[in-house]
There are 2 protein chains.
Amino acid sequence: MPRSGEDARRRLQDAALALFRERGYDHTTTAEIAAQAGVTERTFFRHFPDKREVLFESQEKLATALTQAIAEAPQDLSPMAVLQRAFQQVAPRFEANRSYSLPRQELIERTPILKERETSKLGALSQTLAVSLERRGIDGFRAQLAARSGMAIFALVLDAWFKDPSRSLADYFSRAFVELGRL
Amino acid sequence: MPRSGEDARRRLQDAALALFRERGYDHTTTAEIAAQAGVTERTFFRHFPDKREVLFESQEKLATALTQAIAEAPQDLSPMAVLQRAFQQVAPRFEANRSYSLPRQELIERTPILKERETSKLGALSQTLAVSLERRGIDGFRAQLAARSGMAIFALVLDAWFKDPSRSLADYFSRAFVELGRL
DNA sequence: ATCGTTGACGTCAGTAACTGTCATTATATT
DNA sequence: AATATAATGACAGTTACTGACGTCAACGAT
């Protein structure tokens with residue numbers, strides 16, 4: 001068996017985040033990232049389909065975790081309750097990695113083209129959640145609506161928690177779902 | 001006064017949509033679009049900051065229309081009622097232009113990179129709506145949540161209406177807001 | 001220990017999106 | 001007709017991204 005490539009991949013991700021934060025996203029070339037990681041530019045594009053994607057592996061993992069959490073939820077819960085439960089289950093991921101996810105989020109927030117990729121990923125994620133809800137027997141339109149409103153909460157809560165971590169994510173989620181009920 | 005440039009702009013938009021639909025987005029170069037419009041590639045990028053943006057001028061107009069509709073809504077309405085009213089007001093735009101907006105939407109739907117731009121624009125739009133709601137005295141978090149849930153409805157309704165135009169947009173909107181209340 | 005397999009990596013050439021700069025052209029106004 | 005001004009053309013340059021092909025490193029089998 002040949003070498004794994006996992007090392008190079010991680011080095012590329014680290015180098016990218018570091019350089020993006022130092023010089024800004026568009027003043028960093030993929031060649032520079034590759035050089036700092038000790039590989040060629042070509043190798044960068046073997047690991048990531050484009051320059052932005054180097055920052056979004058965690059989001060992929062989040063998607064699978066949420067999908068699994070929904071699939072395992074008890075059958076008698078309402079759509080929104082299922083989502084709330086799933087969100088609470090993945091919350092520790094963020095609270096354990098704030099030192100990584102916070103600077104990453106700051107970078108994304110101040111870089112329009114990265115923000116675009118992030119919103120797009122969240123949109124795709126809500127689509128995935130909708131499918132998961134449908135698999136539980138929920139009507140298509142209701143599932144879509146619940147998933148999208150749920151993702152709205154998810155994004156808002158994370159945003160609030162990044163700005164003020166004094167309250168727990170669980171707390172933020174609970175309050176947000178109550179708020180949605182009032183609208 | 002010099003020439004206006006509006007003609008070239010419209011020709012570029014028409015050429016782009018036509019070519020994208022014929023050959024697909026990524027098998028069409030900006031140079032080809034420019035040639036078909038009778039201008040240079042450089043002129044393309046004077047009118048649009050990037051290749052995708054040539055398809056999204058209508059979305060900008062939608063944003064201003066919605067913002068205005070919210071600002072003009074009676075003061076005693078709930079956030080969701082304000083949004084519903086605003087959506088109903090802009091609905092005729094789509095029903096009058098289905099022959100343009102449907103093929104455009106089909107193209108966006110089958111082109112990931114265009115879909116990404118669209119979701120991003122909708123995200124930005126919901127941010128704008130949130131600000132409009134805040135200006136009406138609605139609390140920040142509630143405004144954000146209402147705006148995002150509202151945009152979820154907006155996107156879902158349009159999608160449904162594109163697939164089945166036998167029911168009116170007004171009808172779709174009414175039912176969707178009722179559905180959201182039930183979640 | 002050697003060998004062969006396999007997938008990661010390097011090298012190189014090429015395309016196309018996008019930008020900066022400066023000269024030129026078209027039109028409304030005087 | 002002369003002029004001011006914004007749109008356009010011309011051209012060089014950077015950088016993201018791709019295809020093709022050869023090389024190398026790690027592991028299993030012998």
Side-chain angles (χ1 to χ4, degrees), chain A residues 1-57 60 107-108 111-118 120-121, chain B residues 1-57 60 107-108 111-118 120-121:
Chain A
M1 240 200 251
R3 44 189 163 179
S4 94
E6 271 311 307
D7 275 7
R9 186 183 183 84
R10 224 187 328 271
R11 285 202 308 274
L12 282 167
Q13 290 167 334
D14 293 346
L17 182 55
L19 288 176
F20 288 165
R21 282 177 52 85
E22 284 173 24
R23 318 180 187 173
Y25 175 84
D26 28 347
H27 291 87
T28 306
T29 71
T30 54
E32 289 168 346
I33 298 170
Q36 170 130 344
V39 294
T40 324
E41 188 184 11
R42 191 65 182 87
T43 293
F44 179 97
F45 288 106
R46 285 208 182 88
H47 283 280
F48 309 102
D50 61 53
K51 184 179 172 185
R52 312 169 206 178
E53 205 66 14
V54 70
L55 289 176
F56 288 93
E57 196 174 33
E60 300 292 331
L107 172 68
I108 292 177
T111 312
I113 205 173
L114 290 175
K115 183 75 185 166
E116 178 175 5
R117 175 60 52 90
E118 196 205 24
S120 164
K121 292 255 178 197
Chain B
M1 244 204 249
R3 44 190 164 174
S4 97
E6 271 312 305
D7 274 7
R9 185 183 185 84
R10 224 187 328 272
R11 285 202 308 274
L12 282 166
Q13 289 167 332
D14 293 346
L17 182 55
L19 288 176
F20 289 164
R21 283 178 50 85
E22 283 174 24
R23 316 179 188 174
Y25 175 83
D26 28 343
H27 291 87
T28 306
T29 71
T30 54
E32 288 168 346
I33 298 170
Q36 170 129 344
V39 294
T40 323
E41 191 184 10
R42 191 65 183 86
T43 292
F44 179 96
F45 287 105
R46 287 210 181 84
H47 283 280
F48 309 103
D50 62 53
K51 185 180 172 186
R52 312 168 204 176
E53 205 66 14
V54 70
L55 290 176
F56 289 92
E57 196 174 36
E60 300 292 331
L107 171 68
I108 291 177
T111 311
I113 204 172
L114 290 176
K115 184 75 184 167
E116 179 175 4
R117 176 60 52 91
E118 197 204 24
S120 164
K121 292 256 178 196

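Values in this document were obtained by computation on a predicted structure and should not be read as measured data. A note on names: the letters A, B, ... follow the listed sequences, proteins ahead of strands, and every chain is numbered from 1.
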Give the rounded distance in Å between these two atoms: NE2 of B/H47 and C1' of D/dA6. 11 Å
Rounded off to whole Å, could you give me the CD1-to-C1' distance for the A/I113 and D/dA16 pair? 10 Å
Taking the side chain as everything from C-beta on, heavy atoms only, tell me whether A/F20 gets closer than 4.5 Å to A/L55. yes
Residue of the set B/I108, B/D50, B/T111 for which side-chain contact (heavy atoms from CB on, under 4.5 Å) holds with B/R117: B/D50
Are the side chain of B/T28 and the backbone N or O of B/G24 linked by a donor-acceptor pair below 3.5 Å? yes
So does B/T29 get a side-chain nitrogen or oxygen closer than 4.0 Å to the phosphate oxygens (OP1/OP2) of C/dA16? no
Which part of the nucleic acid, if any, lies within contact of A/H27, taking any heavy atom under 4.0 Å across all strands shown: a base, the sugar-phosphate backbone alone, or nothing? nothing
Under 4.0 Å between a Lys/Arg side-chain N and an Asp/Glu carboxylate O for B/K121 and B/E118? no
Rounded to whole Å, how long is the line connecting atom CZ of B/F45 with atom P of D/dT15? 17 Å
Mind checking whether A/D14 and A/R11 have side chains closer than 4.5 Å, heavy atoms only? no
Measuring from the side chain of A/T40 (C-beta onward, heavy atoms only), which nucleotide among C/dA17, D/dC17, C/dT11 has the closest atom? C/dT11
Just how far, in rounded Å, is P of C/dT11 from CZ of A/F44? 18 Å
Identify each atom pair where a protein N or O and an N or O of nucleotides 11-14 of chain D are less than 3.5 Å apart, giving names and distance.
none

Atom CZ of A/R52 and atom P of D/dT15: how far apart are they, to the nearest Å? 17 Å
Using whole Å, what does the distance between atom C1' of nucleotide C/dT27 and atom CD of B/E6 come to? 15 Å
B/Y25 and B/R52, any side-chain heavy atoms less than 4.5 Å apart: yes
Rounded distance [0.5 Å steps], CG in B/L19 versus CD in B/Q36: 4.5 Å
Write down the distance between OH (A/Y25) and P (D/dA16), rounded to a whole number of angstrom. 8 Å
5'-most contact on DNA chain C (nearest-nucleotide basis), B/T28 vs A/E41, goes to A/E41
Verdict with reasoning, B/E53 to B/E60, per side-chain contact (heavy atoms from CB on, under 4.5 Å): CA-CA 10 Å; B/E53 205 66 14; B/E60 300 292 331; 4.1 Å; yes
Just so I know, are the side chains of B/R9 and B/Q13 near enough to count as touching, which here means a heavy-atom distance under 4.5 Å? yes
State which of C/dA17, D/dA16, D/dG9 makes the closest approach to the side chain of B/V39. D/dG9
What protein N or O atoms touch nucleotides 21-23 of chain D N or O atoms at under 3.5 angstrom, if any, and at what distances?
none

Using whole Å, what does the distance between atom P of nucleotide D/dT15 and atom CD1 of A/I33 come to? 13 Å
